[in-house]
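Scope of the values below: all heavy atoms of this structure, side chains included, with no hydrogens, waters or symmetry mates. The chains referred to below are lettered A, B, ... by the order of the sequence lines, with proteins before strands, and numbering in each begins at 1.
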Number of protein chains: 2
Amino acid sequence: MDDEVVSSKHHNLEDIARLSGVSRSTVSRVINQHPNVSEKTRQRVLQVIDQVDFHPNLAARALVTQKLNVIGILIPHIVSKVFSDPFFPLLLQSITNTANQMGYSVTLWLTSTEGDSDDILGQVVNHRLMDGLIVASTVVDESFIQKLDERGKPFVIIGSPNRLDPHVNYVDVENEIGGYLLTQHMIKQQRQRIAHIPGLEKLRSSRDRQAGYLRAIHEAGMDAIIAPPGNFSEEGGYRSMQVLLDQQVDAVFCASDIMAIGAMQAIRAAGLCMPNDIAIGGFDDIHQAALTNPPLTTVHQPILRLGEVATEGIISILDGRVETSFHQILPVELIIRQSA
Amino acid sequence: MDDEVVSSKHHNLEDIARLSGVSRSTVSRVINQHPNVSEKTRQRVLQVIDQVDFHPNLAARALVTQKLNVIGILIPHIVSKVFSDPFFPLLLQSITNTANQMGYSVTLWLTSTEGDSDDILGQVVNHRLMDGLIVASTVVDESFIQKLDERGKPFVIIGSPNRLDPHVNYVDVENEIGGYLLTQHMIKQQRQRIAHIPGLEKLRSSRDRQAGYLRAIHEAGMDAIIAPPGNFSEEGGYRSMQVLLDQQVDAVFCASDIMAIGAMQAIRAAGLCMPNDIAIGGFDDIHQAALTNPPLTTVHQPILRLGEVATEGIISILDGRVETSFHQILPVELIIRQSA
DNA sequence: GTGAAAGCGCTAACAC
DNA sequence: GTGTTAGCGCTTTCAC
């Protein structure tokens, strides 16, 4: 009857308790590192746990603690398109790594912003298998943010929300300053007609970069030249640049490196030379930016750090280590290479 | 005492039962669509559920059913590097979309294959908040597969495992055939010195594509010319191509489109013309392949379908609708454009 | 420092 | 067709 049956089923606290000659509660205390356990019993229990390779049932724990140690990442985008930009992959990587290191696992939600999105957003908001949420990029409409709020599910936004609600948590980079710095750099280089290729009208990050461009242009008393948005894609950058080629520009600030790469192709296709005929600048400082010909002058944004800060932020909130809302704006840096 | 208290806490089955004047079990039956409920009570209960916006606690359900409706995706890579290729983003998208549609959510694990990987792999294997796992790409060593097996956690591999175990589930594409078709196409075009740029030695998909290349070359009685592996990166393709430029090749089959794009840059930088001087072919048929100059001849692989099949596969297993192991090899297609 | 017992919210076997 | 009841595996008072 006291067989040492090695069943294929998972062990539970009761098993460990029996095998180490203590009660369930004591085993629980050991696992949760409660102080009130004698060193001797702790060792004995730990040894049994190790021996049978026991891992507690997290669903059962969640049922009583009301906490799963799971965060969600929501990317509300037609991702196949956006993923041609390394921004999201890098973000995913830093979020999952940071979360895993802090003992959290990560649930991924990729939704398009159109069509059946309501269903999926509802699915996300009401999903009971997450403690909190990181929302990456803010094409999300206000109603979604409000739904999250009503559900009482903590969340942090990467990128600033369109309407700045003081109690909404977010992490962002200095988009406006980045646009300003790069444009200013072009002005200092005596460029006469400096154009801008925006990303996506409805994205705040895109609008902020454009605002920085405009500030520098106006400070210098120059005329703004704004191309059609390039949708943050290589082809988009190519097409927007084609439009600009008719307008005798001698410098272009693109709202992303990927668009800058597209624009460079258009410039080369037109038989023009960089940076002599046209200077070009990007934003992001993705890996490829250093490998273009000529190497791309751009604004570095700390993508990995963005994910880290967002993750640490949401986890602080979930662990109750932070009560106020937090807004963090990470610094950018002008990287001067040869394209401008 | 019978206050209609609208508390901010979550409702539970008991609440719904009370509000609709039935027992917990009946509510449970309604939610789980059991047949034995009268239409009248069903409607009443559904109305209450809708009214208070009730969503069952999945952790509690999991505790009794032993099933969470969660699958994990494991990508065992230094992802920042691999993600420059749109393969994984597309895969992620199709897996999450398919899973969500089937009522599953998806947990993401990105691990590097080096350093602390043991810890994370252990974390993944022992994580109790997943029913099954999709392992994307097989740099995973045998010991990991064995661990999964021991844990009894069902899994399916995308890409063939290095050692073909008949009871291991996997989904793959016709890598060998793709390599064969493209090489054969170059042979038909009278190319004399056809080289190959492999991806990553330890990846089976890479080796299979190379095997297809070799089969076609040998059938034609030609000499094989194998460049150093390009690591599936654009720079890698560039560098491998530089090596080939010294060897008077007139055609190159690259194991991925991204490497082909890098190779094209090297060819252009050498002042050579495509396809006249050198024909070039890729593998994947990523979006950018149609936009290169000249447009890239390549082998189309159904990436989205790969994710769908893998997801449907693991879910069939989890839902007990399939008892035998399954191996599916999806067809590829030669896409002839202008580069070869 | 340790154990007994209650209960988290749900499902399912069993009674009626 | 519906209600009662016994757990699923864990944490957490409360005794001792």
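Between B/Gln66 atom CD and C/dC10 atom C1' the separation is 12 Å, expressed in whole Å. Rounded to whole Å, the distance from CZ on B/Arg24 to P on D/dT5 is 10 Å. A straight line from CD of A/Glu39 to P of C/dT2 spans 11 Å, rounded to a whole angstrom. Protein atom CG of B/Leu68 is 17 Å distant from nucleotide atom P of D/dC8, rounded to whole Å. A/His34 has its NE2 atom 15 Å from the P atom of C/dG3, to the nearest Å. Summarising the geometry, the separation between CG on B/Asp15 and P on C/dC8 is reported as 11 Å, rounded to the nearest angstrom. A/Ile31 has its CD1 atom 12 Å from the P atom of D/dT12, to the nearest Å. Atom NZ in B/Lys40 sits roughly 13 Å away from atom P in D/dG1 (whole-Å rounding).
Among the heavy atoms of the strands lying under 4.0 Å from A/Asn36 is at least one base atom, whether or not backbone atoms are also near. Within the nucleic acid shown, B/Thr65 comes within 4.0 Å of sugar-phosphate atoms alone, with no base atom in reach, counting heavy atoms only. Residue A/Asn57 is classed as a sugar-phosphate contact, given heavy-atom separations below 4.0 Å to backbone atoms only. Heavy atoms of A/Ser25 sit under 4.0 angstrom from at least one base atom.
Under 4.0 angstrom from either OP1 or OP2 of C/dG1 there lies no side-chain N or O belonging to A/Ser38. Dashed line: the shortest gap from a side-chain N or O of A/Ser28 to OP1 or OP2 of D/dT11 is under 4.0 Å. Distances shown here put a side-chain N or O of B/Thr26 below 4.0 Å from the OP1 or OP2 atom of D/dG3. Taking 4.0 angstrom as the limit, B/Ser23 places none of its side-chain polar atoms (N or O) nearer than this to OP1 or OP2 of D/dT4.
Picking from C/dC10, D/dG9, D/dT11 the nucleotide with the shortest atom distance to the side chain of A/Asn12 gives D/dG9. Of the listed nucleotides (C/dG9, D/dT11, C/dC10), C/dG9 has the atom at the smallest distance from the side chain of A/Leu63.
No side-chain donor-acceptor contact under 3.5 Å links A/Arg128 to the backbone of B/Leu58.
Salt bridge present: A/Asp53 and B/Arg151 bring a charged side-chain N and a carboxylate O closer than 4.0 Å. Residues B/Glu308 and B/Arg305 are paired through a salt bridge, judged by an N-O separation under 4.0 Å between the basic side chain and the carboxylate.
One finds the CG atom of B/Asn100 at 5.0 Å from the CH2 atom of A/Trp109 (value rounded to the nearest 0.5 Å).
Looking only at atom types and distance, the side chain of B/Ser38 has a donor-acceptor partner in the side chain of B/Thr41 under 3.5 Å away.
A donor-acceptor contact under 3.5 angstrom links the side-chain atoms of B/Arg29 to the base of D/dG3.
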